[in-house]
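For reference, the structure is listed below as structure tokens.
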Amino acid sequence: MFIVTARIPKKRLLSGAAVLCCCGLTAVALALALGGKAVSASAEVKRIKSNDDRLAYLSGLGWQVSEQPIATEELLIPEEFDDSYQGYLKLQADQGFDLTQYRGKRVKRYTYQLTNYPSQAEPVQIALLVYKNRVVGGQIQSSSGSFLHGLAMPDGSAASPQPSPAPSLPAATNTI
């Protein structure tokens with residue numbers, strides 16, 4: 001049996017405790033400051049295991065959606081992206097999502113009917129791309145395909161938000 005002892009001067013012990021307190025106070029202050037804000041659409045979100053998790057994520061972004069997805073699809077992200085993907089990749093990159101990390105991987109797309117999209121006559125849908133319980137992409141789109149934009153809520157100050165036209169997406173249904 002070995003016994004190891006150490007002698008720590010009080011001055012060093014007090015300075016170490018002060019540093020730990022400062023770090024703890026900083027963490028608490030950050031948590032309180034960020035606590036009231038909505039979930040960021042740009043961050044990869046982990047622990048999305050169930051429909052309730054997806055609904056909570058969308059609710060955190062300010063969206064109200066149908067209780068169940070209107071479509072659930074498994075999609076293959078291609079190994080190589082041709083020019084037809086550039087608009088879609090840019091849309092995802094602008095939100096902080098990098099689909100190029102998932103080349104050749106299968107993702108699930110969960111599409112929900114949006115019920116609180118501002119100033120829109122036609123039905124609007126929101127889709128989340130999920131890979132291994134984490135959100136890796138998503139978009140909001142009109143049912144007719146007249147527009148497509150990121151997951152963020154449009155600016156409420158405009159009388160009628162004008163989403164950008166849909167970037168051209170590849171025609172294949174089993175790939176993104």
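What you see below is based on every heavy atom in this structure, not just the backbone, and it leaves out hydrogens, waters and symmetry mates. On a predicted model such as this, the values are computed, not experimentally measured, just so you know.
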**OP:** List the steps, then state whether side chain to side chain contact (heavy atoms under 4.5 Å, CB included) holds for I70 with Y112.
**Re:** CA-CA 5 Å; I70 57 175; Y112 293 87; 5.9 Å; no

**OP:** May I have the step-by-step check of side chain to side chain contact (heavy atoms under 4.5 Å, CB included) for V136 and L99, ending in yes or no?
**Re:** CA-CA 7 Å; V136 298; L99 287 181; 4.3 Å; yes

Original post:
So how far is it from E73 CD to R109 CZ, rounded to the nearest 0.5 Å?
Top reply: 4.0 Å

**OP:** Establish, from distance only, whether the side-chain atoms of S50 and D52 form a donor-acceptor pair under 3.5 Å.
**Re:** no

Original post:
Hey, are the side chains of S142 and P123 touching, using non-hydrogen atoms and a 4.5 Å cut-off?
Top reply: no

Original post:
Looking only at heavy atoms, what is the nearest atom pair of V135 and F97, with distance?
Top reply: O-CE2, 3.8 Å

Listing, residues 61-68 side-chain donor-acceptor contacts under 3.5 Å, not counting sequence neighbours, or none:
residue: W63; atom: NE1; partner: L151; partner atom: O; Å: 2.8
residue: S66; atom: OG; partner: Q68; partner atom: O; Å: 2.9
residue: S66; atom: OG; partner: Q113; partner atom: N; Å: 3.3

**OP:** To the nearest 0.5 angstrom, please state how far the CZ atom of R103 sits from the CZ atom of F81.
**Re:** 5.5 Å

Original post:
What distance separates T111 OG1 from I140 CD1, expressed to the nearest 0.5 Å?
Top reply: 12.0 Å

Subject >> Y110 OH to L129 CG distance, which is reported to the nearest 0.5 Å >> reply: 11.0 Å

Original post:
How far apart are the C-alpha atoms of L91 and Q139, what are their side-chain angles, what is the distance that settles it, and do they pass the side chain to side chain contact (heavy atoms under 4.5 Å, CB included) test?
Top reply: CA-CA 8 Å; L91 170 77; Q139 71 270 353; 3.9 Å; yes

**OP:** Under the ring-ring contact (aromatic ring centres under 6.0 Å, His included) rule, collect the residues that match up with Y131, sequence neighbours excluded.
**Re:** Y102

Original post:
Should N116 and M153 be marked as a side chain to side chain contact (heavy atoms under 4.5 Å, CB included) after you check the CA-CA gap, both sets of side-chain angles, and the distance that decides it?
Top reply: CA-CA 10 Å; N116 69 331; M153 179 78 72; 4.1 Å; yes

Original post:
Where the side chain of Q92 meets the backbone of G138, is there a donor-acceptor pair that is under 3.5 Å apart?
Top reply: yes

Original post:
Is the ring centre of Y117 less than 6.0 Å from the ring centre of H149?
Top reply: yes

Original post:
Side chains of S143 and E122: donor-acceptor distance under 3.5 Å anywhere?
Top reply: no

Original post:
With K108, which residues qualify under salt bridge (Lys or Arg N to Asp or Glu O under 4.0 Å), at least two apart?
Top reply: none

**OP:** Measure the CD-CD1 distance between E79 and I77 for me, rounded to the nearest 0.5 Å.
**Re:** 10.5 Å

Original post:
Looking at CG of L128 and CG of D53, how far apart are the two atoms once the value is rounded to the nearest 0.5 Å?
Top reply: 11.5 Å

